[in-house]
There are 2 protein chains.
Amino acid sequence: MARVTIAHIAERLGVSKASVSYALNGQPGVSEATRQKVVAMAAELGWHPSFSARALSRSRADAIGMVLRRDPTLLGTEPYYMRLLEGVEDVLSDAGQSLLLRMVGTTPGRDTAVYERWAGEGRVDGVIVLDRAIDDPRPELLTRLGLPFVLHGVLPGNEGGAERIEDQHRDAQLLVTHLFELGHRHIAHVTGPLALAHEVDRRDAVAQECAARGIEVDFAEADYTFDTAHARVAELLGSGIRRPTALVFSNDVMAVAGLRALADADAREISLVSWDDSMLCQFSYPTVTALERYPDRAGRRSAAMLLELLDGRKWSTAAPTPSTLVVRESSRPARP
Amino acid sequence: MARVTIAHIAERLGVSKASVSYALNGQPGVSEATRQKVVAMAAELGWHPSFSARALSRSRADAIGMVLRRDPTLLGTEPYYMRLLEGVEDVLSDAGQSLLLRMVGTTPGRDTAVYERWAGEGRVDGVIVLDRAIDDPRPELLTRLGLPFVLHGVLPGNEGGAERIEDQHRDAQLLVTHLFELGHRHIAHVTGPLALAHEVDRRDAVAQECAARGIEVDFAEADYTFDTAHARVAELLGSGIRRPTALVFSNDVMAVAGLRALADADAREISLVSWDDSMLCQFSYPTVTALERYPDRAGRRSAAMLLELLDGRKWSTAAPTPSTLVVRESSRPARP
DNA sequence: CTGAAAGCGCTTACAG
DNA sequence: CTGAAAGCGCTTACAG
């Protein structure tokens with residue numbers, strides 16, 4: 001079980017370690033004949049480059065990291081993250097890179113410690129940052145640490161927020177248009193935490209789309225959990241005056257909570273749509289109209305962008321995949 | 001942004017690199033006075049050990065790997081895996097170990113290549129193997145590769161299958177007893193792939209529990225997906241003769257498919273329970289009675305076992321957390 | 001094209 | 001207790 005090294009290969013072939021290294025890495029500096037002998041011998045001996053030796057000499061870890069900050073319980077129930085990871089992992093493994101995963105819960109500052117450690121130890125070459133917050137301290141921290149990063153869902157160079165990959169506007173338009181066409185003229189949007197940049201974007205986009213169509217809109221802030229969303233809906237309905245005829249939820253769990261709240265309030269005639277699709281939306285009763293946002297493709301994009309950034313290549317600006325609205329039972333014509 | 005090394009610390013303090021190393025690692029061989037100076041200086045300079053240098057000199061990657069082989073689409077929808085990962089990650093990060101994650105889909109052999117590479121490159125110190133199959137080639141492969149491993153859900157040294165951590169018998173008993181007490185005397189169990197060791201265990205355990213109570217039981221094999229499970233239930237109902245009054249499903253997705261199939265066949269009076277709990281069971285209509293199996297704790301156990309194995313420590317045989325039955329609407333008294 | 005050598009940043013016997 | 005040195009397995013200028 002002793003490790004096969006380039007020294008062994010060099011010895012067997014009677015050449016220098018340098019030649020072996022060049023041959024194995026496809027670098028110039030070896031004759032084609034030598035290269036072939038080396039490659040054949042490496043295959044025969046079952047040689048693999050020692051990851052740590054290579055990392056040390058190249059100062060490259062060949063790994064990228066992701067810190068998930070949400071509540072672990074929620075993480076398990078939101079397919080969004082698994083699908084995102086799947087896309088990221090797919091691109092990384094094709095590139096021979098590893099994915100380091102860390103889940104830190106919601107305690108503030110725990111992610112910071114992870115980044116500091118990763119940077120200090122040289123354990124990852126870069127990171128993908130999720131769930132960008134308003135005044136997010138992470139870009140500055142990562143810059144200070146010298147750790148390359150990509151903000152998931154944001155174009156590089158546009159951290160200011162001018163141009164977003166995840167186009168909340170287009171998504172808002174899909175949702176609002178759908179409700180408008182069903183005759184809804186008064187809706188409410190139950191958002192996620194407004195400390196998250198994309199939730200603010202969504203709220204603003206919904207407001208704008210509604211204004212453009214003469215739809216009245218109310219907003220309520222929740223935190224992606226079932227219970228909070230349930231409570232918000234109960235409040236919206238209980239406040240009495242003028243009820244919305246349709247509700248928009250920023251994720252699938254809250255949408256399903258909305259379903260329950262409507263049933264509890266005997267207000268099943270109210271329509272409802274979700275910003276995230278999942279099996280929850282597919283199998284709830286009634287089934288929930290939702291946006292398919294292709295999180296795996298978004299993950300692929302972020303991973304590809306990070307690799308390009310690490311290679312110093314120019315980012316290739318392929319357009320993100322537009323979302324699709326999956327119409328199900330929960331959205332119906334507004335009652336006349 | 002130049003890396004701080006022990007050489008810098010040694011130079012600043014006028015001592016040797018060796019002393020610095022000993023001091024930083026809590027090894028004997030330095031005076032207490034020197035140790036304190038070193039530690040203080042390391043903190044001041046913001047020193048972190050170079051992960052790759054340490055890995056190279058200790059031939060230890062301080063990382064463990066997991067290969068997920070299921071269909072990525074299913075992975076996203078089964079909270080089981082995220083919760084499992086959460087438990088694993090928690091233990092690992094407390095121990096300063098990293099988690100390398102790889103998703104390979106269901107193409108046979110792709111996981112093998114990953115293990116070979118990880119072992120060859122020395123990228124991980126060990127792996128946790130999930131979803132053990134009948135005649136699983138992985139234990140042998142990993143042994144040959146010299147890569148330490150833990151079979152998730154199996155006691156070390158009992159790979160033969162004598163003693164399982166995930167006690168399918170106790171779980172089967174919970175489910176069958178519940179149905180028995182509701183008056184069911186004829187049930188059917190829609191299993192996952194019988195190529196998986198634990199699915200065979202479940203089927204056998206259910207058969208045994210039913211026999212002990214004079215319950216008739218049929219079995220149908222599916223593959224954890226909605227469509228297949230839906231088809232199996234349709235067949236079970238269509239076959240005509242004697243219908244079961246209750247169904248057991250080996251995961252949540254299939255249970256929800258069963259719900260739909262029952263509705264489609266206008267057979268809502270048939271009860272149904274799921275071997276896995278999830279939000280799918282919580283928010284379906286009707287809600288589904290399910291086993292809470294605490295996958296995060298199982299993940300913790302496996303991770304802890306692997307770390308102990310790597311350290312050459314004796315495995316501490318704390319008992320696994322027993323499952324709990326969460327009774328919901330889908331299981332009702334059998335029709336007289 | 002090829003070889004001898006230094007270097008990446010640690011750890012760890014081995015002399016003093 | 002302390003220092004000089006070799007070694008982990010690569011990569012990469014630098015001479016021939």
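Below, chains carry the letters A, B, ... as their sequence lines are ordered, and counting in each starts from 1.
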B:Arg60 CZ - C:dT12 C1' separation (whole Å): 17 Å

Among residues 32-43 of chain A, which ones have heavy-atom contacts with DNA chain D below 4.0 Å? none

Expressed in angstrom and rounded to an integer, what is the separation of A:Leu24 atom CG from D:dG9 atom P? 15 Å

Short heteroatom pairs, N/O only, protein and nucleotides 6-8 of chain C, under 3.5 Å:
unit_1 : atom_1 : unit_2  : atom_2 : d
C:dC8  : O2     : A:Ser57 : N      : 3.4

Residue-level proximity of residues 44-52 of chain A to DNA chain D when a heavy atom falls under 4.0 Å: A:Trp47, A:His48, A:Ser50

Among C:dG3, C:dT12, C:dT11, the nucleotide that comes nearest once only the side chain of A:Val15 is considered: C:dG3

Partner set under salt bridge (Lys or Arg N to Asp or Glu O under 4.0 Å) for A:Asp135, not counting sequence neighbours: none

Would you mind telling me which of A:Thr112, A:Leu130, A:Val104 makes a side chain to side chain contact (heavy atoms under 4.5 Å, CB included) with A:Val67? A:Val104

Restricting to salt bridge (Lys or Arg N to Asp or Glu O under 4.0 Å), what partner residues turn up for A:Glu32, sequence neighbours left out? A:Arg35

What contact category does B:Gly14 fall into here, base, sugar-phosphate, or nothing, at under 4.0 angstrom with non-hydrogen atoms? sugar-phosphate

To the nearest angstrom, how far is A:His8 atom NE2 from D:dC10 atom P? 9 Å

Strictly below 4.0 Å: does B:Ser21 bring a side-chain N or O up to OP1 or OP2 of C:dC10? no

Do you know the tightest heavy-atom contact between A:Leu307 and A:Ala95? CD1-CB, 3.6 Å

Indicate yes or no for a side-chain donor-acceptor contact from A:Ser50 to the backbone of A:Ala53 under 3.5 Å, with no hydrogens or angles considered. yes

Please enumerate all residues that pass salt bridge (Lys or Arg N to Asp or Glu O under 4.0 Å) together with B:Asp136, with sequence neighbours excluded. B:Arg138

Starting from P on D:dG9, measure out to CG on A:Asn25 and report it in whole angstrom. 17 Å

Can I get a per-line list of side-chain donor-acceptor pairs under 3.5 Å for residues 39-48 of chain A, giving both atom names and the distance, sequence neighbours left out?
none

Option from B:Arg69, B:Glu116, B:Arg102 for which side chain to side chain contact (heavy atoms under 4.5 Å, CB included) with B:Asp111 holds: B:Arg69

Qualifying salt bridge (Lys or Arg N to Asp or Glu O under 4.0 Å) pairs with a residue from residues 17-29 of chain A, counting only residues at least two apart or across chains: none

Paired and unpaired positions of DNA chain C as dot-bracket, Watson-Crick or G-U wobble under 3.5 Å, | denoting a partner strand: |||.||||||||.|||

Can you tell me if the side-chain N/O atoms of B:Arg54 get under 4.0 Å from OP1 or OP2 in C:dG9? no

What residue pairs, at least two apart or across chains, pass salt bridge (Lys or Arg N to Asp or Glu O under 4.0 Å) with a residue in residues 19-30 of chain A? none

Under the 3.5 angstrom rule, does the side chain of B:Ser93 hit a backbone N or O of B:Asp90 as a donor-acceptor pair? yes

Taking only residues two or more places apart in sequence or in another chain, which ones pass salt bridge (Lys or Arg N to Asp or Glu O under 4.0 Å) with A:Asp296? A:Arg83, A:Arg300

Do any N or O atoms from the side chain of B:Asp125 and from the backbone of B:Ile64 form a donor-acceptor pair under 3.5 angstrom? no

For nucleotides 14-16 of chain C, tabulate all protein N/O to nucleotide N/O atom pairs closer than 3.5 Å, reporting atom names and distance.
none

